[in-house]
Amino acid sequence: MTRRLISTGSPFERAYGYSRAVIDGPFAFVAGTTGYDYATMAMPEDAAAQARNCWATIARTLEEAGLSLADIVRATYYVTDVAHAEPLLTVCGEVLADVRPAATLLVVAGLLKPEMKVEIEVTALKRRT
C-alpha cells in the first residue's frame with residue numbers, strides 16, 4: 001500500500017502544509033482536527049459541540065481511508081482550559097465507549113485560533129481480517 005493523503009477541504013491544510021490524515025500501510029494518522037464544521041467553516045462556542053464536530057470529521061476521514069472509529073488505537077486530546085476537559089471527555093466517552101484507545105489529555109496555552117477550544121488527533125490501525 002502506498003502513502004495516501006486525505007483532506008477535509010479545510011483551507012488551513014493547503015495554506016499551512018499539512019493533511020488531515022496520512023494513510024501508510026495499515027495505519028491512519030489523523031491530526032489537526034478542531035471543532036469546525038468544514039462544510040460551513042462555522043465553529044460552535046461550546047467545547048462539547050466542538051468535540052462532537054471533531055469526532056464527526058475524524059469518522060468521515062477514517063471512513064474515506066477504509067477504517068472506522070473502532071480501529072482507533074491511540075488518541076491525544078488538547079484543550080485550552082481545564083474547564084473544557086470534562087465536556088470533551090464526556091463526548092469521548094460516548095463516542096469511544098467500546099473502543100477505549102490509549103489516550104492522553106493535554107491542557108495547552110492555546111490553539112491556532114482563539115475560538116478553538118478543543119483539538120483531537122488519533123492513530124488507527126486497520127485490523128487484519
Chemist: Taking atom OG1 of Thr90 and atom CZ of Arg52, what is their separation to the nearest 0.5 Å?
Modeler: 9.0 Å

Chemist: Would Thr33 and Val122 satisfy side chain to side chain contact (heavy atoms under 4.5 Å, CB included), going step by step from the backbone distance to the final call?
Modeler: CA-CA 9 Å; Thr33 308; Val122 301; over 6 Å; no

Chemist: Taking all non-hydrogen atoms of both residues, which atom of Asp37 and which atom of Asn53 are closest, and how far apart?
Modeler: N-ND2, 3.8 Å

Chemist: Which atoms form the tightest heavy-atom contact between Val118 and Ala47, and what is the distance?
Modeler: CG2-O, 3.8 Å

Chemist: With the 4.5 Å side-chain cut-off for hydrophobic clustering, are Ile6 and Tyr16 part of the same group?
Modeler: no

Chemist: Kindly say whether Gln50 contributes a backbone atom to a donor-acceptor pair with the side chain of Lys117 at under 3.5 angstrom?
Modeler: no

Chemist: Spell out, as yes or no, whether a donor-acceptor pair under 3.5 Å connects the side chain of Arg3 to the backbone of Ile23.
Modeler: no

Chemist: So Leu105 and Tyr78, do their side chains get closer than 4.5 Å, heavy atoms only?
Modeler: no

Chemist: If you apply the rule side chain to side chain contact (heavy atoms under 4.5 Å, CB included), what do you find for Arg60 with Thr8, and how did you get there?
Modeler: CA-CA 9 Å; Arg60 283 190 304 273; Thr8 55; over 6 Å; no

Chemist: Side chains of Ile120 and Thr76: closer than 4.5 Å at any heavy-atom pair?
Modeler: no

Chemist: State plainly whether the residues Arg74 and Glu121 are in salt-bridge range, i.e. N to O under 4.0 Å.
Modeler: no

Chemist: Evaluate side chain to side chain contact (heavy atoms under 4.5 Å, CB included) for Cys54 paired with Tyr36, printing each intermediate quantity in order.
Modeler: CA-CA 7 Å; Cys54 290; Tyr36 283 105; over 6 Å; no

Chemist: Check whether any side-chain heavy atom of Tyr77 lies under 4.5 Å from a side-chain heavy atom of Thr104, and answer yes or no.
Modeler: no

Chemist: Which residues, ordered by chain and number, are linked to Val22 in its hydrophobic cluster, where ILVMFWY side chains connect at heavy-atom gaps below 4.5 Å, directly or through other members?
Modeler: Leu5

Chemist: In terms of hydrophobic clusters joined by side-chain contacts under 4.5 Å, are Val108 and Leu112 together?
Modeler: yes

Chemist: Arg20 side chain to Val30 main-chain N or O, any donor-acceptor pair under 3.5 Å?
Modeler: no

Chemist: Would you say CZ of Arg14 has more than 12 non-hydrogen atoms from neighbouring residues, nucleotides or ligands within 6.0 angstrom?
Modeler: no

Chemist: Give, for atom CD of Glu119 and atom OG1 of Thr34, the distance between the pair rounded to the nearest 0.5 Å.
Modeler: 6.5 Å

Chemist: Leu96 and Leu125: same hydrophobic cluster, using ILVMFWY side-chain contacts below 4.5 Å?
Modeler: no

Chemist: Among residues two or more places apart or on two chains, list those pairs meeting side-chain hydrogen bond (donor to acceptor under 3.5 Å, both in side chains) that have a residue in residues 62-72.
Modeler: Asp71-Arg127

Chemist: Should Leu106 and Val82 be regarded as members of a common hydrophobic cluster, given that ILVMFWY residues are connected when their side-chain heavy atoms come within less than 4.5 Å of each other, either directly or indirectly?
Modeler: no

Chemist: Please report the shortest heavy-atom distance between Ser10 and Tyr38, naming the atom on each side.
Modeler: CB-CE2, 3.3 Å

Chemist: Do you know which two heavy atoms are closest between Trp55 and Cys92, and how far apart they sit?
Modeler: NE1-SG, 3.5 Å

Chemist: Under 4.5 Å between any side-chain heavy atoms of Met43 and Lys113, yes or no?
Modeler: no

Chemist: Apply side chain to side chain donor-acceptor pair (under 3.5 Å) to Ser7 and Glu13, showing your working.
Modeler: CA-CA 7 Å; Ser7 172; Glu13 292 171 34; 2.6 Å; yes

Chemist: Testing the basics here: between Thr61 and Ala21, what is the closest heavy-atom pair and its distance to 0.1 Å?
Modeler: CG2-CB, 3.4 Å

Chemist: Quick check: closest heavy atoms across Leu67 and Ala28, and the distance to 0.1 Å?
Modeler: CD1-CB, 4.1 Å

Chemist: Counting N and O atoms only, with roles assigned by atom type, does the side chain of Asp24 sit under 3.5 Å from a partner on the main chain of Phe27, one being a donor and the other an acceptor?
Modeler: no

Chemist: Establish whether Val91 and Leu62 are linked, either directly or via other cluster members, by ILVMFWY side-chain heavy-atom contacts under 4.5 Å.
Modeler: yes

